[in-house]
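From a predicted model like this one, the values you see are computed outputs, not experimental measurements. Numbering of ligands and ligand atoms starts at 1, following listing order. Starting from 1, each residue takes its place in the sequence as its number.
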Amino acid sequence: MVIAIDGPAASGKSTVARKLAEKLPCTCLNSGILYRALTWQILHSGIDPADQEAITFAVSRMQLELSVPPIGSPALQIDHHVPEFESHDNEVNAAVSKVATVPAVRSCITSLLRGFGKDRDVVMEGRDIGTAVFPDTPYKFYLDASPEIRRQRRAAQGLEDSIENRDRLDSTRSIAPLSIASDAHVIDTSNLTIDGVVDAIFEILTHASRDQQ
Ligand code: CDP
């Protein structure tokens with residue numbers, strides 16, 4: 001069973017997904033971390049994040065796998081090694097949405113995500129989990145918040161992150177853009193606490209499982 005949580009930057013997805021997974025309980029997978037790890041590797045290899053051809057070539061030569069520790073979050077393993085990096089590093093923030101538009105990048109990460117969710121109960125969060133990665137899951141949530149609130153949340157974290165720029169690139173790319181699945185439950189988190197959002201999702205899931213019995 002895959003519970004898909006999608007939404008734009010700083011909508012609260014990561015914290016909500018982690019807390020929901022603890023409450024259910026089940027595994028949690030933050031798909032953005034995989035895009036960030038691959039972006040870090042691209043930058044670290046001296047490749048221009050806007051050079052789609054060079055990225056496609058580099059990815060074709062990489063061995064990409066998911067490293068799944070017994071405790072803690074799955075991570076991207078690149079050529080048998082999990083890169084150690086600061087995931088919300090300014091350079092990664094500025095480049096990740098460009099790298100995430102490259103078709104070869106999306107197809108590699110999508111197939112890792114599908115393999116992971118095939119036989120597991122997992123809360124998976126990202127941009128395209130309910131629309132493209134697991135479109136058949138009946139459990140889809142789309143978290144949103146006003147642009148002003150989202151900007152304030154990132155600023156409070158002390159991060160330099162052009163979220164408008166990422167949102168624009170993520171929503172307008174040709175493959176698996178950020179969009180609301182027609183059967184997703186949309187939750188505006190602007191005036192809700194994290195626990196309030198987790199409880200709202202938990203209640204919807206509880207009703208759904210009662211309806212199925
Ligand atoms: O920082 P935030 O939680 O907003 O983003 P993230 O989940 O760490 O994702 C970073 C970036 O990865 C996004 O802005 C997208 O460009 C890309 N991404 C994607 O394209 N598809 C996903 N399923 C997850 C992330």
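- Using a 4.0 Å cut-off between charged side-chain N and carboxylate O, K19 and E22 make no salt bridge.
- Of the heavy atoms in R127, both backbone and side-chain atoms come closer than 4.0 Å to ligand 1.
- In terms of protein heavy-atom proximity, atom 19 (C) of ligand 1 is closest to R106 NH2, 3.6 Å.
- Close approach to V96 involves these atoms of ligand 1, each under 4.0 Å from a residue heavy atom: 11 (C), 12 (O).
- For atom 14 (O) of ligand 1, the nearest non-hydrogen atom of the protein is D170 OD2, 2.7 Å.
- In this structure, H81 has no side-chain contact (heavy atoms from CB on, under 4.5 Å) partners at least two apart in sequence or on a different chain.
- Contacts of R153 with ligand 1, taken as heavy-atom pairs under 4.0 Å, are absent altogether.
- In this structure, the protein non-hydrogen atom closest to atom 10 (C) of ligand 1 is R166 NH1, 3.5 Å.
- Only the backbone of A10 comes within 4.0 Å of ligand 1, judged by heavy-atom distances.
- Counting protein heavy atoms only, atom 23 (N) of ligand 1 is closest to D128 OD1, 2.7 Å.
- A side chain to side chain contact (heavy atoms under 4.5 Å, CB included) with L34 is found for exactly one of T110, L76, V105, namely L76.
- With hydrogens and angles left out, the side-chain atoms of S190 and D188 include a donor and acceptor closer than 3.5 Å.
- By the criterion of a heavy-atom distance under 4.0 Å, the side chain of A100, and not its backbone, is placed next to ligand 1.
- For the ring-ring contact (aromatic ring centres under 6.0 Å, His included) test, residues two or more places apart in sequence or in another chain that qualify with F85 are W40.
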R127 and D6: CA distance, side-chain angles, deciding distance, salt bridge (charged side-chain N to carboxylate O under 4.0 Å, His left out) verdict | CA-CA 5 Å; R127 298 291 187 286; D6 292 304; over 6 Å; no
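- Each of I47, I42, L43 was checked for a side chain to side chain contact (heavy atoms under 4.5 Å, CB included) with S45, and the lone residue meeting it is I47.
- Contacts with ligand 1 closer than 4.0 Å are made by side-chain heavy atoms of R173 only, the backbone lying farther away.
- Taking 4.0 Å as the cut-off between side-chain N and carboxylate O, E164 and R151 count as a salt-bridged pair.
- The closest protein non-hydrogen atom to atom 18 (N) of ligand 1 is Y35 CD1, 3.6 Å.
- Scanning the protein heavy atoms around atom 8 (O) of ligand 1, the nearest turns out to be R36 NE, 2.7 Å.
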Please test R150 against D167 for salt bridge (charged side-chain N to carboxylate O under 4.0 Å, His left out), starting from the C-alpha separation and ending with a verdict.
-> CA-CA 11 Å; R150 295 192 291 113; D167 287 349; 2.8 Å; yes
Passes salt bridge (charged side-chain N to carboxylate O under 4.0 Å, His left out), R106 versus D128? Steps please.
-> CA-CA 10 Å; R106 300 214 70 80; D128 61 342; 2.9 Å; yes
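- Residue R154 places a heavy atom less than 4.0 Å from ligand 1.
- Considering only non-hydrogen protein atoms, atom 9 (O) of ligand 1 sits nearest to G32 CA, 3.5 Å.
- Looking from atom 24 (C) of ligand 1 to the surrounding protein, the closest heavy atom is S31 OG, 3.3 Å.
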